[in-house]
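Notes to accompany the following structure.
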Amino acid sequence: MGIDGLLTFVRSASSEVHISKFAGQRVAIDASSWLHRGAFSCARELALGQETDRYLRFPLRMIAMLRSHCVEPVLVFDGAKLPMKVRTDRLRSAARSAALQRAHREQRDKDFTDSITVTPAMADRLLRKLRESDTAFVVAPYEADAQMVFLVEHGHCAAAITEDSDLLAFRCPRTIYKLSPETGYCRLHSFDDLCHATDSSGSLLFDDWQSWKTGLFTDMCILSGCDYLPSIPGVGLKTAHAALSTHRSMQRAISALHDKFIWSKAQSADPAGRAELLQLTSEHLELCTMCQQIFKYATVWDPVSAALVPLHQLGTSLDIRDRDRLGPLMAPSDAKLLCEDGVLDPTSLQLYPTVEQSTASMPKREDVRSRFFDAVCPRVNTAACEPSSISIVQQNVVRRETAESALPLNEGAVAPCETDTFLYSAGVRSPMHFKAFHVPLSDEAKTAAFESAHLFAIDSPPCLGDAFLQRFRGI
DNA sequence: TACTAGTCGTCAT
DNA sequence: CGACTAGTA
C-alpha cells in the first residue's frame with residue numbers, strides 16, 4: 001500500500017538527479033527494502049529454510065555504490081509493529097503465507113519471491129556486516145519511515161532513500177526514489193517543491209501551499225487510504241485532494257465525503273439510519289485524527305539525546321491511550337540496546353541469539369555500535385545486556401495467571417493495573433508477548449513503580465479498519 | 001474521469 | 001513496495 005498512487009500524483013514536483021548530488025553528505029537508507037530486494041537472489045533457499053546470506057549482497061553492493069560517489073549511508077531498520085498497523089500487516093503476511101503454500105506445491109519462482117519476508121534474523125546479519133565495515137545504522141523503535149524523517153529533519157542525513165511513498169506523508173524534506181544500482185540516477189522529491197506540483201492540465205495542485213504543508217497534505221494521504229486506515233470505499237487520492245481543496249479541513253472534508261457517499265447510495269432520507277450515519281462520521285473523524293497523530297508524533301530514536309522521542313514536539317500532553325498508539329516507550333536501557341546498538345530483536349526485545357552467545361563469553365562490546373554515533377553517545381553498558389524485566393505492559397495480550405512463589409520476580413517490571421494490584425512481569429522482555437502476574441505490592445514497591453516513568457500499562461489497541469469498512473459497506 | 005483489482009518486477013546469471 | 005493495465009461505475 002503506502003499511499004497508493006502518490007508518487008505518480010506529485011511526479012511533476014520531483015526531479016531526476018544523480019546520487020553524487022549528495023557527495024560528502026549522509027543519506028538515510030530504508031534497510032528493509034534493500035534486504036527485500038536482496039532476498040530475490042535466494043528466495044527459494046529462504047522459503048525452504050536453507051542456510052544462506054546471499055540476500056546481503058545487494059545491500060552491500062548498494063552501500064559500495066553510494067561510497068563510490070562519496071555518499072555515506074546510514075541504514076535505518078524497521079522496529080516493532082505499530083498497533084495501528086496490524087490490519088495491513090495481517091493482509092500482507094496472509095498473502096505471503098498463501099504464496100509459500102503455492103510455492104511448496106508448484107515450485108514456481110514467482111510464488112517463492114512472493115513469499116519473501118524480511119526477518120529480524122536477516123536484519124541481524126546485515127547489522128553485523130555493517131559493524132565490520134564501519135557503516136552507520138539506526139534501528140527504529142517502530143516505523144523506519146518516521147525514523148528516517150527524523151534523521152533528515154534534524155540534519156543527521158541530507159535525504160532518505162526508499163521506495164515507500166509514506167515518507168512524503170510523513171513530510172520528509174528530501175526523499176530519493178528509484179535509485180538505480182547501475183547508474184546512480186534517482187528521482188528526488190523535495191517536500192517544499194510540492195508547492196509547484198501540477199496536475200495533467202498544468203494547474204497547481206496545492207494552492208495556498210502553507211496550509212497543505214502544515215497538515216492538509218498528510219490529511220489527503222490519510223483520507224485516500226494509508227497503512228493505518230483504509231479509505232471510504234471509492235475514495236482515492238483525487239477525491240481526497242478535491243475534498244480538502246474545497247473544504248480546507250479534515251473534519252469538513254470527511255463530512256462532505258460521507259454525505260456524498262450516502263447520497264450515492266440513495267439512503268440519505270432514511271431517518272432511522274441518520275443518527276447512526278452521524279455516529280459513523282464522527283468515528284471516522286476520530287480514526288483519521290489518530291492517523292494524523294502517528295504521522296506527526298510517531299515514536300523515534302533521537303541519537304543525540306539517546307532517548308525515544310516523538311517525531312515532532314508534542315504540543316499538548318496526550319492521554320496514555322493516545323500516547324501508546326504512537327509506539328509505546330520502553331526502558332531507556334532497552335531503547336539504547338535496540339536502536340543504537342542493534343543487538344535486540346525489535347519485537348521480542350530479546351538479544352539476537354548469536355549475540356547472546358558472544359555475550360556469554362564476555363567479549364568486548366566497544367565495537368558494537370556504529371561509527372557515526374560514537375561522538376554523541378556514551379559507551380555501551382555491558383551489564384545492561386543481561387536480560388532484565390519487561391518494560392511495557394499491553395493489557396490485551398496479558399494472560400492473567402496466578403502468581404506462583406517459584407517464579408523469579410525481577411525488579412522493576414511493575415505496571416499500575418487495578419487499584420491495589422500491579423502487574424509484575426517474570427522477566428520476558430517483549431512488549432508484544434509476555435506473561436504477567438497479579439501481585440499485591442507493598443506501598444514502597446508501588447511508589448517505586450510509579451517513579452519508574454517508563455513502566456506503564458496500555459489499553460488494547462483497536463484493530464482499525466475492519467469494523468469501520470464493514471459498516472460502510474453495510475450502508 | 002477516477003477507483004479497483006490484478007499482474008508483474010525488484011536479484012542476478 | 002511501486003508501476004502498469006484492463007475493467008468498472
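The chains referred to below are lettered A, B, ... by the order of the sequence lines, with proteins before strands, and numbering in each begins at 1.
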Going by the salt bridge (charged side-chain N to carboxylate O under 4.0 Å, His left out) test, which pairs reach into residues 158-171 of chain A, not counting sequence neighbours? none
Quick one: are A:Q147 and A:V138 in side-chain contact, heavy atoms under 4.5 Å? yes
Partners passing side-chain hydrogen bond (donor to acceptor under 3.5 Å, both in side chains) against A:Q313 (at least two apart in sequence or in another chain): none
Please report, rounded to the nearest Å, how far the C1' atom of C:dG2 is from the CG atom of A:D227. 13 Å
Residues forming a salt bridge (charged side-chain N to carboxylate O under 4.0 Å, His left out) with A:R187, sequence neighbours excluded: A:E16
With a non-hydrogen cut-off below 4.0 angstrom, is A:S165 in contact with a base, only sugar-phosphate, or nothing? sugar-phosphate
Length of the CG-C1' vector between A:L6 and C:dA3, whole Å: 14 Å
Residue pairs passing the salt bridge (charged side-chain N to carboxylate O under 4.0 Å, His left out) test where at least one lies in residues 215-242 of chain A, sequence neighbours excluded: A:K85-A:D227, A:R92-A:D227
Can you tell me how far C1' of C:dG2 sits from CG of A:L179, to the nearest Å? 15 Å
Indicate for each nucleotide in nucleotides 4-9 of chain C, in 5' to 3' sequence, whether protein heavy atoms under 4.0 Å reach the base (B), only the sugar-phosphate (S), or nothing (-). ------
Can you find a heavy atom in the side chain of A:V149 that is under 4.5 Å from one in the side chain of A:F295? no
Nucleotide B:dT1, atom P - distance to CG of A:L237 in whole Å: 17 Å
Sequence neighbours left out, what pairs pass salt bridge (charged side-chain N to carboxylate O under 4.0 Å, His left out) with at least one residue falling in residues 44-55 of chain A? A:R44-A:D109, A:E45-A:R54, A:E51-A:R125, A:D53-A:R125
Scoring nucleotides 7-13 of chain B by protein non-hydrogen atoms under 4.0 Å (B base, S sugar-phosphate only, - none) yields ---BBSS
Show every ring-ring contact (aromatic ring centres under 6.0 Å, His included) that has at least one partner inside residues 97-135 of chain A, sequence neighbours left out. none
Selection residues 231-251 of chain A - residue pairs positive for ring-ring contact (aromatic ring centres under 6.0 Å, His included), sequence neighbours left out: A:F9-A:H241, A:F206-A:H241, A:W212-A:H241
Can you tell me how far C1' of C:dG2 sits from CG of A:D30, to the nearest Å? 13 Å
Specify the separation, in whole Å, of atom CZ of A:R11 and atom P of C:dG2. 15 Å
Starting at atom CG of A:L167, determine the distance to atom C1' of C:dG2, rounded to an integer number of angstrom. 14 Å
